[in-house]
Amino acid sequence: MLTTRPRGTNDILPGEVEKWQYIEEIARQVSGQFGYHEIRTPLFEHTELFLRGVGETTDIVEKEMYSFEDRGKRNITLRPEGTASTVRAFLENKLYANPQPTKLFYIGPMFRYDRPQAGRYRQFHQFGIEVFGSHHPSVDAEVIGLACEYLERLGLNQLKVHINTVGCPKCRPQYREALIKYFQDKKDILCKTCLGRLEKNPLRILDCKNTQCQELSLNAPTIQNSTCSECQIHFQQVQNYLDSVGIEYIVNPKLVRGLDYYTHTAFEILVQGIGAQSAICGGGRYNGLIEQCGGKPTPGIGFAMGMERLLLTLELQGISLIANYNNPEIYIATVGEETEQLAFRLAMQLRKKGISVEKDYLDKSLKAQMKTADRLNVKYTLIIGEEEFEKNQVTIRNMATSQQNKIPISDIISYIERSLRGK
RNA sequence: GUGGGUGUGGCGAAGUGGUUAACGCACCGGAUUGUGGCUCCGGCAUUCGUGGGUUCAAGUCCCAUCACCCACCCCA
């Protein structure tokens with residue numbers, strides 16, 4: 001137990017961590033260019049925030065939250081997603097007082113007590129964006145466009161963008177009724193979970209993976225026939241914007257997102273081959289959420305992207321992220337004790353000059369030190385033995401050409417700078 | 001929460017119930033005087049996820065437990 005990480009968590013080790021740095025860097029780059037600013041909120045919040053923000057009937061809240069009582073008897077939950085926290089921070093810090101809309105992004109760990117499997121972990125990471133304060137359809141298109149641009153910049157392809165509208169508080173109740181009416185007399189065919197959904201959230205039945213439920217859904221009333229004209233116009237405008245910049249998408253009337261707060265536009269970006277979890281990005285508009293969290297009525301929209309799934313997809317598509325291993329440029333090999341101390345001082349001086357240096361820490365033989373230098377793939381190895389030490393010299397060996405010569409110790413730093421940087 | 005699969009050294013991986021648990025890679029050391037990449041030699045699991053049980057004898061059989069993987073569910 002002592003040497004085992006908790007279930008569903010991962011160590012990101014050297015060699016892997018560089019990939020994370022890269023995809024995070026691109027995320028920041030793209031977000032910046034789109035005019036989004038980073039926000040960092042706590043990893044835990046008051047439990048009520050998620051009950052209210054995510055929705056009490058969602059699976060996340062019903063069975064996936066990491067909740068505990070702190071020493072002050074407060075109910076605390078590790079954040080299962082980023083939107084609720086971002087909304088809270090927006091309200092608490094009165095960001096609505098700034099010119100609107102507010103465009104934010106975040107990158108960080110989320111926590112859900114799920115059963116781990118391919119592409120699903122208990123601690124996972126999301127890159128997400130949120131826009132508060134505009135109901136303009138171009139914002140919907142921009143949010144989708146940002147996601148696409150990011151994925152494209154990473155070199156991903158064969159991604160499918162699914163979009164839908166899930167209606168608004170005006171027309172969704174009617175659609176709900178229509179669905180309930182449709183499924184009511186087919187109760188005996190529906191799966192157990194859908195039976196429950198019929199009461200709580202009939203839209204989710206459309207999303208069921210059960211083949212019988214899917215067949216039933218085929219002839220179910222579609223939301224397009226039930227939405228109000230306002231919703232239809234909005235949805236059409238979003239599509240026009242997407243068309244105008246050549247973003248391809250599929251209108252999927254059965255796309256229903258699992259979080260209660262969505263209104264109008266909902267979308268997902270799907271890939272195949274990374275296991276059963278095929279959504280690498282999901283999002284939509286949530287015009288009622290901010291009000292529900294205690295703010296003035298304010299429209300909002302955003303998405304969240306799963307970084308682990310992103311990396312799985314990159315690997316699957318054979319996209320190698322150039323890992324910038326910080327290989328040292330110089331290795332200092334020594335023979336003897338006094339020389340080791342000299343090596344230490346030299347290393348520190350060179351590093352001050354911005355040169356990466358490695359040395360021996362295990363009193364290895366010269367042969368073994370050379371082997372290490374070779375494996376580190378350094379450009380030059382400095383060799384300091386008794387002979388050099390007495391003459392105040394250092395042997396510098398070019399590892400590629402095997403040529404070496406002796407340099408006075410007083411010149412060695414400038415000599416290395418010249419050799420390495422050409423200055 | 002439900003179901004299936006797996007569990008041998010740092011990694012990969014052999015191992016019909018019977019003596020010192022193959023092999024490959026990695027790692028460490030060496031092949032005369034202070035020097036890497038090739039080659040050669042040597043070292044590296046009191047132990048087979050853990051705990052019980054069966055047996056004269058278990059990594060090999062049984063039970064339990066834990067962990068990991070995959071799927072359902074749900075989602076990123």
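Letters A, B, ... are given to chains in the order of the sequence lines, protein chains preceding strands, and every chain is numbered from 1.
Listed candidates were B:G29, B:A76, B:A71. Nearest to the side chain of A:Phe124 is B:A76.
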Return a table of donor-acceptor pairs under 3.5 angstrom between the side chains of residues 265-278 of chain A and protein atoms on other chains or two or more places apart.
| residue | atom | partner | partner atom | Å |
| --- | --- | --- | --- | --- |
| A:Thr265 | OG1 | A:Asp140 | OD2 | 2.6 |
| A:Glu268 | OE2 | A:Arg257 | NE | 3.3 |
| A:Glu268 | OE2 | A:Arg257 | NH2 | 3.4 |

Check nucleotides 37-43 of chain B for protein N or O atoms closer than 3.5 Å to its own N or O atoms and list the pairs.
| residue | atom | partner | partner atom | Å |
| --- | --- | --- | --- | --- |
| B:G37 | O4' | A:Asp374 | OD2 | 3.2 |
| B:G37 | O6 | A:Ser402 | OG | 3.1 |

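B:A14 and B:C73: their C1' atoms are spaced 39 Å apart (whole Å). For the P atom pair drawn from B:U54 and B:C63, the interatomic distance equals 15 Å after rounding to whole Å.
Going from atom CD1 of A:Ile107 over to atom C1' of B:A76 covers 14 Å, rounded to whole Å. B:A76 atom P lies 21 Å from atom CZ of A:Arg115, rounded to whole Å.
In summary, the side chains of A:Tyr36 and A:Glu142 do present a donor paired with an acceptor at a separation below 3.5 Å, with no hydrogens or angles considered. In this structure, a donor-acceptor pair under 3.5 Å is absent between the side chains of A:Ser31 and A:Glu38.
For an aromatic pair to be called close, the ring centres must be under 6.0 Å apart, and A:Phe105 with A:Phe34 fails this.
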Point to revise | Pair assignment for RNA chain B - dot-bracket with | for other-strand partners, Watson-Crick or G-U under 3.5 Å | key: ((((((((.[[[..)..(....]]].(((((.......))))).....[[[[[..)....]]]]])))))))....
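Residue A:Glu81 is classed as having no contact, given no heavy-atom separation below 4.0 Å to the nucleic acid.
For A:Arg120 and B:C73, a side-chain-to-base donor-acceptor distance below 3.5 Å is present, hydrogens and geometry of angles not being considered.
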